[in-house]
Amino acid sequence: MTKRAVVIGCGHYLPERVVENAEFEKTLDTDDAWIRSRSGIERRHFAAEGETTSSMATAAARAALADAGIEADDLDAIVLATSTADLTFPSAATMVQAELNMNKGFAFDVQAVCAGFVYALSNANALIISGQAKRVLVIGAETFSRIMDWTDRSTCVLFGDGAGALILEAQEGDGTAEDRGILSTDLNSDGRYRDLLYVDGGVSTGTSGYLRMQGNQVFRHAVAKLAATATTAMEAANVTADDVDWIVPHQANIRIIQGTAKKLDLPMDRVVVTVQDHGNTSAASIPLALSVGRTRGQIKPGDLIVTEAIGGGLAWGAVVLRW
Ligand code: ACO
């Protein structure tokens, strides 16, 4: 028998305010057609005043707990992927722990920018298979609207806010690719590319800063690295592209999503796409897409799923799991 981290619940939260591309035409030299054709984005959600990464994460966590039919005290750990924690410290994860009245276990943040959720899943999987935790709440939550330079048309039209959450539970499997749960993970980073995508603030500047991105340079790395990490993870799980029911990619740009699917030889009708409605929500994008994909009736129990993401660092990775 093999211990597996199996998804027993999922949920998401999106702020009420929806901003269409046309809104940006009022303040920037841009238009809906450019944003749509270059990125696939049509609209995004922005957090209201007073809404924070931890409050959105808590809402997504509550939805996932209700979906799993368990209480917060049934959890052993919270792993929260974010680059936009409410404060420098404590972690947003401990804030969620308090809000959920979870009075045991442990909680921590993982920071790998847009790759954060695959890093968090990989960490949660390690906690489960090593026996350190039986049930782990894994959240991706971001408030990127708070780190946008609203005068920079090349970045501020691309990002959105939101949160998604999964609950993983230790269950016994046979050790084959037919098992439910996480079958493999692959993580990578290369700090030589740190200047392609960063926030120009933090403890060293005394400001929270703004996102800076050489988008076309990041784009150049994205398709090749995403296809490579997905392939490595599929090989480790002993599955091929033919076995895959759904690719659930990081939702940054429809052209990256299409390019990666093509390189993996997977048709677009086996890709969950939410970028048009959410924009790039960084670490929240994969759990949001998983939750929305399930709500749409795309993702069903037993489906084989590959998630892949790349972001600042550069950091990238993939997870293969059976739902
Ligand atoms: N409206 C109109 N024109 C614009 C806009 C805009 N909003 N933004 C940029 N342009 C212009 C540029 O100024 C440039 O003009 P120029 O040729 O006169 O200089 C032109 O459009 C082309 O710009 P590019 O940056 O080359 O456009 P590209 O086709 O590469 O698309 C984009 C830009 C959408 C950013 C794309 O490069 C991309 O998606 N990159 C990857 C982003 C990503 O995946 N990041 C990783 C995750 S994010 C994270 O980790 C936080």
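Whatever order the structure lists ligands and atoms in, that order sets their numbers, starting from 1.
For a heavy-atom separation below 4.0 Å, the residues in contact with ligand 1 are Asp29, Thr30, Trp34, Arg38, Val113, Cys114, Phe144, Arg153, Ser154, Val157, Leu158, Phe159, Leu197, Met213, Gly215, Asn216, Val218, Phe219, His250, Ala252, Asn253, Arg255, Ile256, Asn280, Ile310, Gly311, Gly312.
For Asp76 and Lys134, the salt-bridge test fails: no basic side-chain N is under 4.0 Å from an acidic carboxylate O. Using a cut-off of 4.0 Å between Lys/Arg side-chain N and Asp/Glu carboxylate O, Asp149 and Arg212 are scored as salt-bridged.
Panel note: side chain Ser184, backbone Ala233; a donor-acceptor pair is recorded below 3.5 Å. Between the Ser55 side chain and the Glu51 main chain, no donor and acceptor come within less than 3.5 Å of each other. In this structure a side-chain-to-backbone donor-acceptor pair under 3.5 Å is present from Gln251 to Pro249. Of the possible polar contacts, none joining the Thr143 side chain to the Ser145 backbone as a donor-acceptor pair under 3.5 Å is found.
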